[in-house]
2 protein chains.
Amino acid sequence: MHCTVYVWLPRAGTAKQQFIFEGKMKHKKATRITIKDLAQELNLSTSTISRALANHPGISDQTKELVNGVADRLGFAPNSIASSFRSRKTKAIGVIVPRIDIDFHSRVISGIEAFAYKSGYHVTIFQSQDSYKREKEIVKILQTKMVEGIIVCLAMETKNYDHFKKLLKSKVPLVFYDRTPDSFETNKVMINDFESAYLATEHLIQQGKTRLAHIAGNQTTGIFKKRLEGFKAAIEKNGLVVYEDLILEAQHLSYQEGVDCACKILDSSIRPDGVFCANDYTAAAVIQTLNKRHTAIPEEVAVVGFSNYPIATIVEPHITTINDRAFQMGEATGRLLIQHIEEDEIDVIDYQVITLKTELIVRESTAEKRH
Amino acid sequence: MHCTVYVWLPRAGTAKQQFIFEGKMKHKKATRITIKDLAQELNLSTSTISRALANHPGISDQTKELVNGVADRLGFAPNSIASSFRSRKTKAIGVIVPRIDIDFHSRVISGIEAFAYKSGYHVTIFQSQDSYKREKEIVKILQTKMVEGIIVCLAMETKNYDHFKKLLKSKVPLVFYDRTPDSFETNKVMINDFESAYLATEHLIQQGKTRLAHIAGNQTTGIFKKRLEGFKAAIEKNGLVVYEDLILEAQHLSYQEGVDCACKILDSSIRPDGVFCANDYTAAAVIQTLNKRHTAIPEEVAVVGFSNYPIATIVEPHITTINDRAFQMGEATGRLLIQHIEEDEIDVIDYQVITLKTELIVRESTAEKRH
DNA sequence: AACTTTTTAACAAACGTTTGCATAAAAATT
DNA sequence: AATTTTTATGCAAACGTTTGTTAAAAAGTT
């Protein structure tokens, strides 16, 4: 049975509104209040309403008050899609991250959202799951004028950047953070991984350590390569020897991988007295392994991590580490993107590279005595 | 000086395209390919193009191929805003969380995004920063037909739900997770906090512990109240005594608060032999404090946490805890919301409450011998 | 061959705003 | 009082799709 029923209901104001219940009475068309309703109610044109709501200077304060009053009274909520459609501005930015539930990324996203919100933008997030295929899919979805600009942290798998180049060709503002493309120049926000690693390593040397080990990240990824380079550079600069046997690569820098690497390093013929780890999970793993072996930290072996994860101050001894300023990186990335979206003058600028200051946070795993 | 210049450029296909540089030559109107261009190119109507691209059954396979071919060739990307505008479907869902950079929430969001993506939706996130004012602001922004449904984890401050009731009145599908409103019935996805706490506490009792302490969360928040109730219920059911002095409230359940509470509890006149903590940060704090005091875990004092954070398997001894299934909670929340968005039949259902199974993960902080 | 049915595509009207231009009224200037 | 200037509002087109209805052509049926 299929029927159509017309029901007439009185509405706020004088006009009457038609609600249509149709087809098994399933589709209740909840007719929303539009700018036209306000116009009718006040005997003004839609253009005046629109301008009044937007606080346009050409509209008298009196009318503005009137319009806002009625809008409130009728519970008017603007249709942002119609507005975006007409004005060609969505006030949306897209963010592609490998995974949201990784501490570093969630802090960066937090910074992006905080800055975007302040600037009147909102943030739509996508997880590439570190997959190249998925990343391309997402870029395709974002091609549709849905967002005014895009922030990306590259998927681990991504070695080809054509999908992003296409994006740039169609003039979509684009900013990369942390894991950025190596083979083409574009907007980037990074920390100085080389410098940070150099700093961390030199700190170990200053503590009198001479046989240094490194648990490195995936060496096809720029940032981890840089950290290894910084490690080596600091050793050589200080006239010490780089022991290649003490450099291990951990694909995902997970805690478990850290344990495995720690065992290998500690059982090596050259017994290290200092370990620099490419993140704090592996640093925590090294520390726990040393604890189990009753090796004194930092006296026998000192440990430095990277990123200042929450665990850095929970594991005992607390981990000396690099403050990677994730939240600030998010803010800086958001700021740069929105600048590119809004400022036409910036068209002259081809691209910008921002490098954030990092700092070494010294804790008990290298410096003070363990209590 | 103000000038207008017309530049004619050849375009893919046979047609030519006009680019207009205007007003100090700042606004490059990058004219995109639209459905109309495709129509012109193929001598078809826009409706046919639209239907062909949408794989409408009324269009012949031959034309579909033709259309898709030209679309590819000209690099056509649909304008999703125009489409949303006309079809009244944005394929977007909004998520309001207290903070993104909290482990639990980032895992829930990850689950939401994963499910939404599979279902062809995208996710826009907002942080209420646990502020009631901010939460109301965000709800107002989301009123604008920008999203088809909303997922919320309440701000700590929120005690009044009028802003959400208004949302429901305008028929916006709404689902709460974890921190849900107590005073009105609506769609919710939760874990059984009472049951989980009961389970955790009973486990301590089974280990022969009789003087139990609890580090509780903010007692104006439902879930933490439930956890306390479960704790007490388990004790009473097992014929033991609830020591009110051993129950402390930590506003934010931070590591530092945990340390403070741990000291108070351990220095209390009734020396506890078991501690149930409302999250893993405070549990880690208790464990570290006990370690510093050289108190044997679990022999002298056993510890149970809540949520299974990464630190649970990093701190030594590893923490016995409740698996809160954050990712699955995200998936379930996303599924429920999208169901409500898409299924008209569901209109009959007023609201749904989903409770997820939890489990106790037994580790060394309660059971096995520490090595 | 005259019909009915099916297939395929076109027409045209929306969707709710924004915005350039025109205009009317009021105020200021001569 | 005639004019210019300023202020406040209206008109109407446009943004790029989707979709209900209609029409023509092709295929099938007698």
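Remember, predicted model here, so these are calculated numbers, not experimental data. Each chain gets a letter, A, B and so on, in the order the sequences are listed, and its residues count up from 1.
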**Request:** Return yes if some donor-acceptor pair links the side-chain N/O of Thr34(B) with the main-chain N/O of Lys36(B) below 3.5 Å, else return no.
**Result:** yes
**Asked** Of the nucleotides dG10(D), dA12(D), dT17(D), which one has an atom closest to the side chain of Thr46(A)?
**Response** dA12(D)
**Request:** Please report, rounded to the nearest Å, how far the P atom of dA8(D) is from the CG atom of Asn43(A).
**Result:** 19 Å
**Message:** Tell me whether the ring of Phe85(A) lies stacked over the dC15(D) base, given a 5.5 Å limit on centroids and a 30° limit on the plane angle.
**Reply:** yes
**Item:** Check: Ser80(B) side chain, Thr144(A) main-chain N or O, donor-acceptor pair, under 3.5 Å
**Value:** yes
**Request:** Output the single nucleotide from dC15(C), dT18(D), dG10(D) whose closest atom is nearest the side chain of Ser83(B).
**Result:** dT18(D)
**Asked** So does Arg86(B) reach the base of dT18(D) with its side chain, donor to acceptor, closer than 3.5 Å?
**Response** yes
**Prompt:** Is any side-chain heavy atom of His340(A) closer than 4.5 Å to a side-chain heavy atom of Leu336(A)?
**Reply:** yes
**Asked** Quick one: Lys36(A) NZ to dT18(C) P, roughly how many Å, whole number?
**Response** 13 Å
**Asked** Would you say Thr48(B) reaches dA9(C)'s phosphate, i.e. side-chain N/O to OP1/OP2 under 4.0 Å?
**Response** no
**Asked** Would Phe176(A) and Phe164(A) count as a close aromatic pair, with their ring centres under 6.0 Å?
**Response** yes
**Asked** Can you list, by residue number, the residues of residues 49-57 of chain A that have a non-hydrogen atom closer than 4.0 angstrom to DNA chain D?
**Response** Arg51(A)
**Request:** Let me know which of Asn187(B), Val189(B), Thr333(B) forms a side-chain contact (heavy atoms from CB on, under 4.5 Å) with Ile354(B).
**Result:** Val189(B)
**Message:** At less than 4.0 Å, is any side-chain N or O atom of Arg88(B) found next to OP1 or OP2 of dA14(C)? Yes or no.
**Reply:** no
**Request:** May I have the distance from Lys91(A) (atom NZ) to dT17(C) (atom P), rounded to whole angstrom?
**Result:** 18 Å
**Asked** What nucleotide, of dA9(C), dC11(C), dT18(D), holds the atom closest to the side chain of Ser87(B)?
**Response** dT18(D)
**Request:** Using whole Å, report how far CG of Leu42(B) lies from P of dA9(C).
**Result:** 11 Å
**Item:** Rounded distance (Å) that lies between atom P of dC15(D) and atom CD1 of Ile81(A)
**Value:** 19 Å
**Request:** Applying side-chain hydrogen bond (donor to acceptor under 3.5 Å, both in side chains) between Thr158(B) and each of His163(B), Lys133(B), Glu135(B), report the one that passes.
**Result:** Glu135(B)
**Request:** Would you indicate, yes or no, if dT17(C) has its OP1 or OP2 atom less than 4.0 angstrom from a side-chain nitrogen or oxygen of Ser84(A)?
**Result:** no
**Request:** Look at the rings of Phe126(B) and His122(A) and say which category their plane angle falls in: under 30° parallel, 30 to 60° tilted, over 60° perpendicular.
**Result:** tilted
**Request:** For the side chain of Ser60(A), starting at C-beta, report the closest nucleotide among dG16(C), dT8(C), dA8(D).
**Result:** dA8(D)
**Message:** Judged by each residue's nearest nucleotide on DNA chain C, which is more toward the 5′ side, Ile35(A) or Ser45(B)?
**Reply:** Ser45(B)
**Asked** Nearest to the side chain of Ser47(B), which nucleotide is it out of dT18(C), dT17(D), dA12(C)?
**Response** dA12(C)
